[in-house]
Amino acid sequence: MPLLHEYICTATPGRRVLEVYDADTYLDDAATLQTAEEQVVAGERHHLYLVSLQPAIKVQVSIRIWDTVPQVPADAEGHVPITIESRTGTLVVNELEFGPAGETTLPRPGVYEGHAWWRGRQAAGDYYDSYFDQETDDWTPEQTRSYFTQCPTGEHYVLDLAHVGGPDPLDGNQAGR
């Protein structure tokens, strides 16, 4: 099962949310976001939400394309099955409050299936919460930023995917007819 493609970026989960979506298919979906809040990652074919326990500490997002999707590592905090379709062959990692954090060109457009898994989510959330236990009333914004950059545990989300087919055909409305 060779690794065909890997993309890694760092992003801040403003309002605790990151998104991954096809470059031409951004769809906001409140019901899917609510599902992601319950199970950490959820999507609706063209758009995935990743929900952190904190809004201020940078996290790492990896998108890995395999010939065959590997097993979830034993030390993963959690995982869910995912599907994402990319008509353009480009996926965007988006910070909900700040805009795109990066994008990657997949080996080919189409439908990808696999799983999302994560580690460090709980530790980063606990570290963020510990900020509120500090005497921070007279802290400068720089001191607060410094506190968050010193988080000892990295939060990491991994999308392990394999290509399973071409994109679905466009219907008349999608094709501009």
Q: To the nearest 0.5 Å, what is the distance between CG on Leu96 and CG on Leu50?
A: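 Here the interatomic distance stands at 11.5 Å.
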Q: Hey, what's the ring geometry for His115 with His79, parallel, tilted or perpendicular (30° and 60° as the breaks)?
A: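 Ring orientation of His115 relative to His79: perpendicular.
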Q: Would you say the side-chain atoms of Gln54 pair up with the backbone N or O of Ala56, donor to acceptor, closer than 3.5 Å?
A: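 Such a contact is found between Gln54 side chain and Ala56 backbone.
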Q: Short question: side chain of Gln134, backbone of Tyr131 - any donor-acceptor pair under 3.5 Å?
A: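 Checking the backbone N and O of Tyr131 against the side chain of Gln134, no donor-acceptor pair under 3.5 Å is found.
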Q: Could you tell me whether Glu37 atom CD has more than 12 heavy atoms of other residues or ligands within 6.0 Å of it?
A: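 Yes, CD of Glu37 has more than 12 neighbouring heavy atoms, counting only those of other groups under 6.0 Å.
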Q: Examine distances only and state if a side-chain atom of Gln60 and a backbone atom of Gly154 form a donor-acceptor pair shorter than 3.5 Å.
A: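 Looks like no, no N/O pair under 3.5 Å.
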Q: Strictly by modelled atom types, are Ser146 and Glu142 linked by a side-chain donor-acceptor pair under 3.5 Å?
A: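 Side-chain D/A pair, Ser146 to Glu142: absent.
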Q: Could you check whether Tyr49 and Thr32, counting side-chain N and O atoms only, form a donor-acceptor pair closer than 3.5 Å?
A: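 Note: Thr32 and Tyr49 side chains miss the donor-acceptor criterion.
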Q: Please work out which of the three classes, parallel, tilted or perpendicular, describes the rings of Tyr128 and Phe132, given edges at 30° and 60°.
A: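 If you compare the ring of Phe132 with that of Tyr128, the planes turn out perpendicular.
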Q: Anything under 30° is parallel, anything over 60° is perpendicular, the rest tilted; go ahead and classify Trp118 against Tyr157.
A: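 Geometry flag for Tyr157 against Trp118: tilted rings.
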Q: Is there a donor-acceptor pair closer than 3.5 Å between any side-chain N or O of Glu155 and the backbone N or O of Ser52?
A: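 Checking the backbone N and O of Ser52 against the side chain of Glu155, no donor-acceptor pair under 3.5 Å is found.
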Q: Is Asp75 salt-bridged to Arg119, cutoff N-O under 4.0 Å?
A: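 Result for this pair is yes, salt bridge flagged.
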Q: Looking at Val69, Leu161, Asp160, which hits side chain to side chain contact (heavy atoms under 4.5 Å, CB included) with Arg64?
A: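 Filter result, single survivor: Asp160.
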Q: Could you check whether any side-chain N or O of Arg121 sits under 3.5 Å from a backbone N or O of Val51, counting only pairs where one atom can act as donor and the other as acceptor?
A: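 Checked: pair present.
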Q: Does Asp22 use its side chain to pair, donor to acceptor, with the backbone of Arg87 at less than 3.5 Å?
A: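 Between the backbone of Arg87 and the side chain of Asp22 there is a qualifying donor-acceptor contact (under 3.5 Å).
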Q: Please check this pair: side chain of Glu19 against backbone of Asn94, looking for a donor-acceptor N/O pair closer than 3.5 Å.
A: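 Not confirmed, Glu19 side chain does not pair with Asn94 backbone.
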Q: Classify the ring geometry of Tyr112 against His163: parallel below 30°, tilted from 30° to 60°, perpendicular beyond 60°.
A: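 If you compare the ring of Tyr112 with that of His163, the planes turn out perpendicular.
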